[in-house]
Number of protein chains: 2
Amino acid sequence: MTMDGGRRAVAAEGSEAVAALVADVGPRYRTATEFVEATLRQGILSGRLSGGTPLRQEELARLFNVSRMPVREALRQLEAQALIDFVPHKGAVVTDISAEDAADNYAIRRALEPAALTLSIPHLDAQDFARAEELITEMDAETEPGRMGELNRRFHMSLYARAGRPRLLALTEQQLASADRYVRFHLAAKGQEHMAQEDHLAMLAAARQRDAARAVAVLLGHLDTAAVTIDAFFRERAG
Amino acid sequence: MTMDGGRRAVAAEGSEAVAALVADVGPRYRTATEFVEATLRQGILSGRLSGGTPLRQEELARLFNVSRMPVREALRQLEAQALIDFVPHKGAVVTDISAEDAADNYAIRRALEPAALTLSIPHLDAQDFARAEELITEMDAETEPGRMGELNRRFHMSLYARAGRPRLLALTEQQLASADRYVRFHLAAKGQEHMAQEDHLAMLAAARQRDAARAVAVLLGHLDTAAVTIDAFFRERAG
DNA sequence: CACTTGTCGATTGGATCCAATTTAGCAATA
DNA sequence: TATTGCTAAATTGGATCCAATCGACAAGTG
């Protein structure tokens, strides 16, 4: 079997959401496990596989055109990332998202991102600032919500990149990606997004002046605004 | 291979007694994968499997008396927890620990634990305080370094337990467990440990008074002391 | 009628076999 | 001698097969 990324045959019938995911894979993967894991994670984080969706090993194997084994290994990794619930002898289910989960995610981001930003600011250089600025202008031009989320994530990470703490950054990036789940869930119902570009500009300006305290203050306000918006959406949806 | 020792509860009268019997069979695992994963993680975090150790699938399968498949699934999970490095077609190696990794770990703890503590303090009750105090006295009596690390971890977690953010707590616990790797590495060379019981007592006292700011200040000092000690050890060892 | 028991189908867990990849060793050559 | 290329052994990746477990529903029991 070749991991040519493109155009693995897709079974005719079956879960249409997964089939759509398989249809447009970009990069090439060295192992089938990598391929399945990356594709499923993308699907979950992007919201195309919504919370509660059961993931049957045999069905996935058929859709991905591999055997059940790489599927199982991929599911194990997703379980360790808390993206699916794996119950012995019962199977895997995409983890549900709730107001509590969103609050949890924001609590973690509130803790990690100020730390990353503070460590990073002294070491950012002109190139970093230029890249961050470029990402802001790209966001201004972007209309598609999917791409928008990625740009936002990259902007945040660009300001944290010089923290010199790879594990801290990896955790932060993971939580940023998780946050997208909630934002997209909100978008799917509300239609459009308020990207708070003033906050982004203010953060960048503070970083340029090496004013970590101000940058962190803006960041926390930025996170709180998003948290309140998402929380309100969940409450309104429940009530 | 049966993971429950072949004992299965027979529903009958006296189900109370039967339940007790089943309960005291001890930590039994439902699947071989769980068993392998937990054992390996324990081994890595406790330092018995030191950084750089290659983990050959076949060898592990033989040692655990299972086939290679549950070993592979366990390795996948450990990879997602950053406890091993997994390179396609090359194999798995226990991740190395270094001064940089220790600093990374402390940076994360410095971010997460104050958040957890602050969220938790308002909701701690008398029972929680009593348990925390008990853990401190247990630490005073404990001499074995392995048990000591666990008691320390449980003390910290007992103060964070009411944060009401399960994901945040799970991450925190994971990082606390990782920290043990560095502490034990240090202990193995230095012989004994300074558990900073004054810090623990001060944290507990501040928590009792619902003084989150002071508790966090003590905690940060506590973490910094440990970070400096470990970092000095790594430097001395390298230089 | 409530409650247990047994059986069957669906699904996952685990074992074994085969294929693909890496690596080390060795030989040939410049 | 250093380097390149090739072959074989070791090791991992993937496929297929069988066993164990769970859920639901039917049947028996008090």
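Keep in mind that what you see is a predicted model, and the values were worked out from it rather than measured. So you know, we letter chains A, B, ... as the sequences are listed, proteins then strands, and number each from 1.
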Nearest-angstrom distance from the residue atom OH of Tyr29(B) to P of dG13(C): 17 Å
Ala32(B) side-chain proximity, nearest of dT12(C), dG14(C), dA15(C): dG14(C)
Separation of dA15(C) P from Asn65(B) CG (nearest whole Å): 9 Å
Glu58(A)/Arg62(A) ion pair, N-O < 4.0 Å: no
Donor-acceptor pair, side chain of Asp104(A) and main chain of Leu168(B), under 3.5 angstrom: yes
Under-4.0 Å salt bridge between Arg153(B) and Glu173(B): no
For atom CG of Leu60(B) and atom P of dT11(D), their distance in whole Å: 12 Å
Might you list the N or O atoms of the protein lying below 3.5 Å from N or O atoms in nucleotides 21-24 of chain C, with each pair's distance?
residue : atom : partner  : partner atom : Å
dT23(C) : OP1  : Lys90(B) : NZ           : 3.3

Whole-Å gap separating C1' (dC17(C)) and CD (Glu58(B)): 12 Å
Ionic contact status for Arg154(A) with Glu150(A), cut-off 4.0 Å: yes
Carboxylate-amine/guanidinium contact Arg76(A) Glu79(A), below 4.0 Å: yes
Presence of Thr33(B) side-chain N/O under 4.0 Å of dG13(C) phosphate oxygens OP1/OP2: no
Base dG14(D) to side chain Arg68(A), donor-acceptor N/O within 3.5 Å cut-off: no
Phe234(A) and Phe185(A) aromatic centres sub-6.0 Å: yes
5'-most by nearest nucleotide on DNA chain D - Arg72(A) or Arg56(B): Arg56(B)
